[in-house]
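So the structure is just underneath, and the comments pick up after that.
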Amino acid sequence: MADLRAPRGMNDLLPEDAPLWRHVRDTAERVAALFDYRPLATPIVEDAAVFERSAGQESDIVAKEMYRFEDRGGGTLALRPEGTAAVCRAYLEHGMASRPQPVRLYYLGPMFRYDRPQAGRYRQLWQFGVECIGDPSPAADVEVIELQQTLYEQLGLAPLGLGRLGGLTLRINSIGTAETRHRYVELLREHFRPHLATLSADSQRRFEANPLRILDSKEDARHTAVLDAPSILDHLDAEDAAHFAQVRALLDALGIAYAVDPRIVRGLDYYARTVWEFEPPGAGGQSTVGAGGRYDGLMELLGGPHTPGTGFATGIERIVLNLRERGLERAPAAPDVVTVPLGEAGALAAARLARTLRSAGLVVRAGTPGRSLRAALRGADAVDARYAVIVGNEEAAAGTAVVKTLRAGGEQRTLPADEVAAAIRRGDW
RNA sequence: GUGGGUGUCGCCUAGCGGUCAAAGGCGCCAGGUUGUGGCCCUGGAGAACGAGGGUUCAAAUCCCUUCACCCACCCCA
């Protein structure tokens, strides 16, 4: 085998993967358009500061997972680890605050994280994401959730009970604003401090870094201190609580099923209030298919004015993984026609005819000249073509072609070359 | 980043110290009489057994290192 391979954690998308991928991407863009979201494509690299300022230097994403490099001009660039910060940068750079608010945007493209790969976790991953910027209301959160839910629904992953393995479930939480959250975090520290010694090493580390994470620890899931921990939902301020109540009321009104899960947290400080995740049933390791949240604090970190925003990102690979687990593959592409050139004159006439057929919109795979008729038809069958169009020296001289069906009985007709396209387009035999 | 598992032709797999200068199935290419597919038959190409080092008279088979993938944790999509 060749000694060169794709970089670790990065994968080739082969032709056989294309139908499913295209379907997912097309569906995502169609659903986004349905909600009047517009595409925004940002560069795959950004000034590293875009992510360092937004996510924070100590966040895992920046500290451990970001591809960072100097460019020749001496600047520090980063392969984008996520989409939201770049979208916000573009919002500010292009003065989108002067467009009608909120500004509704979506993006689709590869992200990069230097992380240890495992199933469903890659160093290059594709994300589709949506951002609704400039609307602080619960309605914006719910619109974005509804969009995400609609996407999964149209792909066959939701609602509950669809497909062999069941659908994705929506779990939501409110983590309050930065101020209420800081108060709650202190409360949590006081709660866990007496139990520190009995918690796992990971949780002890989180105690300093981010006590919220202790709540969804796998190791300490049944630790009494975790089970008895105060819920952030009991410590929201009046406005936070009203916002969250509105979110739930709207979801109820739309008939979108969800579970409130106070253990859903976010590592980054700019998040505020509503956060959510979509998970497949029997959630295991890298299971979250898509997650979102409100990020009212983000624009200011990027040097802009206070601007509320809410959005989600969903991993294309994880969607594809779930579709495959449920047997929701897409049919591979097959050509309409394979040409079968026989002899030198036949080869010329076959090439001309192929050109005519393509201009009529037919997908034509050119047969390899020099093969026997037998081999050529075997080849046509192997690629699952609908028709073989045989052009030998006899046909070339007569200005005809032999059109043979490959799907059913193998009926064939000799037709004038200029009638082949129409006959195949009619496709009634 | 931590712990564990796996690694033989494009794919799946046999072999587990000597008879392996590696076998089979799928796929690919070519034939099965002169211009006809899908089944079948025949033949062919294709791997020095992930890579490097070691043990041994002898290694795909044992040991070490390394790389990659997988699983769990961490983190996240």
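Source: prediction; values computed, not measured. Here is how names work: the chains are called A, B, and so on, in the same order as the sequence lines, proteins then strands, and each is numbered from 1.
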In whole angstroms, how far is the [atom2] atom of [N] from the [atom1] atom of [X]?
X        : N     : atom1 : atom2 : result
A:Asp220 : B:C74 : CG    : C1'   : 13 Å
A:Asp202 : B:C75 : CG    : P     : 6 Å
A:Arg5   : B:G10 : CZ    : P     : 12 Å
A:Arg8   : B:U66 : CZ    : P     : 13 Å
A:Arg121 : B:U2  : CZ    : P     : 13 Å
A:Glu65  : B:C75 : CD    : C1'   : 6 Å
A:Leu14  : B:G27 : CG    : C1'   : 15 Å
A:Asp12  : B:C11 : CG    : P     : 13 Å

Closest to the 5' end of RNA chain B, once A:Asn11 and A:Arg113 are matched to their nearest nucleotides, is A:Asn11

* Mind telling me whether A:Phe128 and A:Tyr106 have parallel, tilted or perpendicular rings, with 30° and 60° as the class edges? => tilted

How are the rings of A:Phe35 and A:Tyr37 set relative to one another: parallel (under 30°), tilted (30 to 60°) or perpendicular (over 60°)? perpendicular

Quick note, A:Glu219 side chain, CB onward, closest among B:A77, B:C73, B:U2 is B:C73

Per atom distances to the A:Arg206 side chain, the nearest of B:A77, B:C75, B:C69 is B:C75

Quote, to the nearest angstrom, the [atom1] distance that separates [N] from [M].
N     : M     : atom1 : value
B:A59 : B:A51 : C1'   : 16 Å
B:C11 : B:G53 : P     : 25 Å
B:A77 : B:G15 : P     : 44 Å
B:A22 : B:U55 : C1'   : 22 Å
B:C9  : B:U65 : C1'   : 27 Å
B:G25 : B:A14 : P     : 15 Å
B:A23 : B:C39 : P     : 26 Å
B:U19 : B:A58 : P     : 14 Å

Query - Check ion pair A:Arg413-A:Glu411 (N to O, under 4.0 angstrom) - result: yes

dist A:Ile44:CD1 -> A:Arg80:CZ (nearest 0.5 Å) comes out at 5.5 Å

Name the pairing partner of [N], where a pair is Watson-Crick or G-U wobble with both distances under 3.5 Å, or state none.
N     : answer
B:U36 : none
B:G44 : B:C28
B:C75 : none
B:C69 : B:G5
B:G52 : B:C64

With sugar-phosphate taken as primed atoms, P, OP1 and OP2 and all else as base, the protein-contact string of nucleotides 30-42 of chain B at under 4.0 Å (heavy atoms; B, S, -) is SBB--BBBB-B--

A:Gly83 near the nucleic acid: base, sugar-phosphate alone, or nothing, with a heavy-atom cut-off under 4.0 Å? nothing

| query | A:Ala313 near the nucleic acid: base, sugar-phosphate alone, or nothing, with a heavy-atom cut-off under 4.0 Å? | reply | sugar-phosphate

The complete set of side-chain hydrogen bond (donor to acceptor under 3.5 Å, both in side chains) pairs with one or both residues in residues 380-393 of chain A, sequence neighbours excluded, reads A:Asp336-A:Arg386

Query raised in the report: Quick one: is B:C69 close enough that its OP1 or OP2 comes under 4.0 Å of any side-chain N or O from A:Gln118?
Result: no

Only residue of A:Thr274, A:Asp296, A:Asp141 satisfying side-chain hydrogen bond (donor to acceptor under 3.5 Å, both in side chains) with A:Thr310 is A:Asp141

Exercise. Quick check, are the ring centers of A:Tyr152 and A:Phe278 under 6.0 angstrom apart?
Worked result: yes

Sequence neighbours excluded, the answer for salt bridge (charged side-chain N to carboxylate O under 4.0 Å, His left out) partners of A:Asp115 is A:Arg121

Regarding B:A48, purine or pyrimidine glycosidic angle vs 90° from 0 gives syn

Is the charged tip of A:Arg123 near the ring of A:Tyr114: under 6.0 Å from the six-membered ring centre and within 45° of its axis? yes

